[in-house]
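Quick notes on the structure that follows.
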Amino acid sequence: MSYEIKINGDQTSIEILNQDGNNIEVLIDDRKYNLDIVEVETGVYSILLDSKSYNVELIPNDNKNYTVNTLYNSFEIEVIDAESKYLNSRKKDDGDDASFISTPMPGKVVKILVKEGDEVKGGDTVIIVSAMKMESEYKVVNDKIIKKVLVSEGDTIKGNQPLILLE
Amino acid sequence: MSYEIKINGDQTSIEILNQDGNNIEVLIDDRKYNLDIVEVETGVYSILLDSKSYNVELIPNDNKNYTVNTLYNSFEIEVIDAESKYLNSRKKDDGDDASFISTPMPGKVVKILVKEGDEVKGGDTVIIVSAMKMESEYKVVNDKIIKKVLVSEGDTIKGNQPLILLE
Amino acid sequence: MIKKILVANRGEIAIRVMRSCREMGIQSVAVFSEADRTSMHVRYADEAYYIGPAPSNESYLVIDNIIDAAKKSAVDAIHPGYGFLSENAEFADCCEKEGILFIGPSAYAMNTMGDKITARRKMQSAGVSVVPGTTDPITDINEAVKTIHEIGLPVMIKASAGGGGKGMRLVTKEEDIVSSVSSAKSEAAASFGNDAVYIEKYINSPHHIEFQILADKHGNCVHLFERECSVQRRHQKVVEETPSPIMTAEVREEMGKQAVAAAKAVNYAGAGTIEFIVDDELNYYFLEMNTRLQVEHPITERVVSVDLVKEQIKIADGEVLQLKQDELRQNGHAIEVRIYAEDPDNNFMPSPGIIKHITEPLGLGVRHDGYVYEGYEIPMFYDPMISKLIVWAPSREEAIERMKRALYAYKITGIKTSIPFLNRIMEVPSFVKGRYNTHIIQDNEKYLKPKKVKSQKLKDVASIAAFVDYLSKLEKQKTSAPVTEQGSNWKECGRKKNLIRL
Amino acid sequence: MIKKILVANRGEIAIRVMRSCREMGIQSVAVFSEADRTSMHVRYADEAYYIGPAPSNESYLVIDNIIDAAKKSAVDAIHPGYGFLSENAEFADCCEKEGILFIGPSAYAMNTMGDKITARRKMQSAGVSVVPGTTDPITDINEAVKTIHEIGLPVMIKASAGGGGKGMRLVTKEEDIVSSVSSAKSEAAASFGNDAVYIEKYINSPHHIEFQILADKHGNCVHLFERECSVQRRHQKVVEETPSPIMTAEVREEMGKQAVAAAKAVNYAGAGTIEFIVDDELNYYFLEMNTRLQVEHPITERVVSVDLVKEQIKIADGEVLQLKQDELRQNGHAIEVRIYAEDPDNNFMPSPGIIKHITEPLGLGVRHDGYVYEGYEIPMFYDPMISKLIVWAPSREEAIERMKRALYAYKITGIKTSIPFLNRIMEVPSFVKGRYNTHIIQDNEKYLKPKKVKSQKLKDVASIAAFVDYLSKLEKQKTSAPVTEQGSNWKECGRKKNLIRL
């Protein structure tokens, strides 16, 4: 079965044609690869392709989004299943805000600069979060209305947790 | 609920009296301990008892037998549940052979010196197994009859796998 | 005799201190906040005491709690590490009052060196070069112009009541002197209601070079040569090396003598660091003294073959320094990089989280001082430094190659780290040549940005790995029942791993 | 110019060689057997080639398969590591025929040094001291007695056709000479049908001391001082150190000169080791030459500040040796211990298996050369050595303390290792004093046995840990559904771990 994959924003199709133990044959768009792939440690794959040795580390962000590190590079990869396809079709990809503000890392809410119903301008800071002795400001990209504030100042938050909903 | 524990052959009773987060109160025979215990890595526990810091590593041999390493010592510990109690009650603890010959580590069968029905004398070698360029001989403790030989020469074996059944 | 030491710190430095204690047969006591129960320093120590909630101002910075733990554990001495209470004179005083040795200098030395103006005056009278400039604020415009002529251009004019860059003027040309002074004065008056200014020599191409000193309680003091710390990002050191690639034997000897004089001027005892600002012509000026162990102390340890923590402990114990200046030598070249839990490609955003997997660099010439382990959650409350990687080689060139090799093998997943950024620094031409100053990072942005990936093959390899992982997880979710063998070897491997990790 | 090297080995040595390649900008190629697909050397290399089934005689020892991989990968040179094909002259020849540089000496040097009798004669003619004794078998009893008088007591009489100790006689007293010779002869005749015997000086209290040499292809040769390797168990080295605690400057210089002479006698090129047997009075005799890198080479690297693998590669490449004898120095003291996957408390039974968890020792003065990682299964087909721990300190005393500290922090679970045994060696009084010979292990059994645990508290702590683990697993089995929070914090932790490890 063929899937779609998004790598650093570019979409390609991917399909496993054959598998024999560690050896798989893969088709990406029109490029065919035969390679030997083993998960050597949790989230770490060793790949031999044309006898070259690649070490690939996966950091799953959720069950279909990965940060993938090779020796000198880092990629954001999304495996697109039916659900993602549906969501993508609804999302206008015009550099707009997501439907909520969140932080990539855990931290503590230092200051919330908006409240429910506020109209904010693109570039306005809405929340300040601190982690590891450093404070970071989170802004909206476009003019928005604050739909709901889900956290309070002083709260400890997880990474990628919705903090403020936007309309 | 009170359990029995066998440590290097000595049996004691053990019971958790109270628990509050990482802090537990334990009674071993008539000795009471209050300690702070956390599994910091898989199979590695950090224990604070009277402010002393202990690091304990567990190597489970099966789900109730452990090799337990502290800084300078190693203990064989068995948690005795109903099943073990039953088995123990049947086993005469007179330094006799187990009901089968096995090896503590994986390896390769080099030579089998007996066949089904053979009568062997205490101290006789019945099988030779190699691992890591070293050969080890396995002997019976007492006079025995060979009930069944479960492996063949050249076989790759796992640790603790029954190799030869004894009567 | 010191037999038991409490280490009033956490992270890599707590463990580093405990290692030397262990080698000396000294018992070590850890203290820990609520966030640090599973931290390695608690596991490494002989004893451990809880000292309060996660935020450091409720635990590691609370003098009473530390002293309390020290009394309970009946230690002979406290080692403060760096940061936290290490330069807190009140803490040193408290220890003394409680009859506990503080492994560091006296409160007097800390106070004197802790105040910039006092330190500057003290150093001047000890014959140590300071940045030419005024110590007292100037209000008279003519006096300001006269002073500027004495110091020589370029100079920086600063509002004496100021801060944050307001009222600051850089003067590089003769004809701008008068106008700059008067505009600085009026801006200062407007901003702070006070038109007094300081004038200071401006160092165009500054290098940050520091000297390590060791002084005992009997008046003996030696220096252990310099460390070059000019690779900085937002005034945070990122890479340090020794010897400095711009140093000469003559200037080294002069600066070393001044460093010793500086320490003696405050009756210093213990390990300390004299920071200098140095220009391209190797003119050097005292900046400040750090009255504690530095993060970057290991490069000195490697090149001079001295265990600085052991020396600190012996000095605190009243021993006479055995090191003689004329027997100390620099052997080879050492470089340290600091590994942070941060995302270098996303504005150095901190990246706390759980370490999923770590492979530490090993082998010849590599020292690694860290504290994290697989499954450890890096708390969000403290400094994001997770380890320091130190390499040594006979030559600077080889040391750089070794650092690249060590960074190649250093893998941490679960969080983002500065490793890729550090690797890029090792490739910056001015770093490779050893001709760089504190502007190196802002001057070399083009080298320090992540490289665009051109290889389609590499992208595809990354995609395949993610895809295989996705499928194998999908498979695992579907089947709690045993999966058929046929054609799922890599899943086998995955499953075996899970088994062994339970 | 060598640009690409195939490493015909596995385990720690393969990675150690690749590290130096990487620092030199040389591409590295791994070869692997069926058992080694997930081994670290495959992951570390730039390229990797499959060379056959798990048993080494079907993979790592198959010359054709290695040469085949070398041709496919178009390497310039092959590094053999130690063991496997490293001392195989036929392999060196094959490489030469295929136009691939063999990183090691010529087949001639290997063959000469490989045959004990030939080597002995060669060394004698080069003026190197050999163990006094006969080279030709003796059948005449009077000649035997005469020879014994020449050599001086004690001597060992050995059946020339013999082996396995049969027909061997140790003679320590004058009056036993005749009877010993005749009984040795008749036992030899009875056992082997040949009554010829060899006679050799018997070294009562033997030390194994070896010298590292480096020789280039242009006739330059230096030695890099000695390594003391007397801590052996069943003729396997367990602990090595440098300098030797019994060495004097004079004897060191003499032995070093003989080591260089030995290498020159066979036109040696590359890194090599001259092994000597040394008695308590520092009389020393050539034993054999190892024509390859030794397992224990890192202690020399640390104390002499030389990367031996880089030197090997440069020599193979035809470069002129840059090291000068009179510039080489020993600085401080280094000790290496070998960590084996074996159970020291159960007759050193091998212990292959899956590494569940590993904490590597870090910090000042510690080098660790290993290859295993969490989740890696140590194959049962190869040598059980999993890593080498090397420490350095200014003094021997401090080095021993540092080794103990490093062993304290080195944790491997899932398999048994020799770590506890090594720790006990560091406590053996004769080791601590530096007065030991090759009998140290059998002579100190009482120190080397596991200590009986007296502390009831420690036993109870161990029991509690096992019990808590048992209960928490039981809980986990029972409930796939979320467990209630109340009172199961340690299980929480367990579950969190499992989550993050999936």
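Letters A, B, ... mirror the listed sequences (proteins, then strands); counts begin at 1.
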When heavy-atom pairs shorter than 4.5 Å are enumerated against chain D, which of B:G159, B:S136, B:G107 gives the highest number?
B:G107
With a 4.5 angstrom heavy-atom cut-off, is it the side chain or the backbone of D:N347 that approaches chain B, or both, or neither?
backbone
For the student: nearest non-hydrogen atoms of D:Y470 and B:Y66, plus distance:
N-OH, 3.2 Å
Tell me, side chain or backbone of B:E135 under 4.5 Å from chain D's heavy atoms, or both, or neither?
neither
Ring centres under 6.0 angstrom apart (D:F348, D:Y340):
no
What part of D:N423 gets within 4.5 angstrom of chain B, counting heavy atoms only: side chain, backbone, both, or neither?
side chain
Would you find a donor on one side and an acceptor on the other, under 3.5 Å apart, between the side chain of B:E25 and the backbone of B:K32?
no
Under 4.5 Å from a heavy atom of chain D, the part of B:T12 involved:
neither
I'd like to know if the side chain of D:H357 pairs up with that of B:T42 as donor and acceptor (distance under 3.5 Å, no hydrogens or angles considered).
no
Sort B:D50 into side chain, backbone, both or neither according to what part of it lies under 4.5 angstrom from a heavy atom of chain D.
side chain
Answer with side chain, backbone, both or neither: which region of B:L58 has an atom nearer than 4.5 Å to a non-hydrogen atom of chain D?
both
Under a 4.5 Å heavy-atom cut-off, does chain B meet the side chain of D:I412, its backbone, both or neither?
backbone
Please confirm whether D:K411 makes a cation-pi placement over D:Y408, using NZ or CZ under 6.0 Å from the six-membered ring centre and within 45° of the ring normal.
yes
Go through the atoms of D:Y382 and report whether side chain, backbone, both or neither lie under 4.5 Å from a heavy atom of chain B.
backbone
Between D:K457 and D:D460, is there a side-chain N and carboxylate O pair less than 4.0 Å apart?
no
Would you mind checking which part of D:P352 comes under 4.5 Å of any heavy atom in chain B, side chain (CB onward), backbone (N, CA, C, O), both or neither?
both
Residue part contacting chain D, namely of B:K108, when any heavy atom lies under 4.5 Å
both
Given 3.5 Å as the limit, does a donor-acceptor pair link the side chain of D:E374 with the main chain of D:I358, or not?
yes
Does any backbone or side-chain atom of D:K416 lie under 4.5 Å from a heavy atom of chain B? Answer side chain, backbone, both or neither.
side chain
Between OG of B:S130 and NZ of B:K111, what distance do you get to the nearest 0.5 Å?
13.5 Å
Where does D:S463 contact chain B at under 4.5 Å (heavy atoms): side chain, backbone, both or neither?
both
Measure distances from D:T359 to the heavy atoms of chain B and classify the residue's part below 4.5 Å as side chain, backbone, both or neither.
side chain
Applying a strict 4.5 Å limit to non-hydrogen atoms, the region of D:P420 in contact with chain B is neither
Donor-acceptor contact below 3.5 Å, side chain B:S74 vs main chain B:T70:
no
Could you report the tightest heavy-atom contact between D:S86 and D:P80, atom names first, then the distance?
CA-CB, 3.6 Å
Validation row: B:D143, B:K121 side chains within 4.5 angstrom (heavy atoms):
yes
Residue, of D:R424, D:K451, D:Q456, that accumulates the most heavy atom pairs under 4.5 Å with chain B:
D:Q456
When the 4.5 angstrom heavy-atom criterion is applied to B:N8 and chain D, the contacting part is neither
If you tally heavy-atom pairs under 4.5 Å against chain D, which of B:I14, B:V56, B:I7 wins?
B:I14
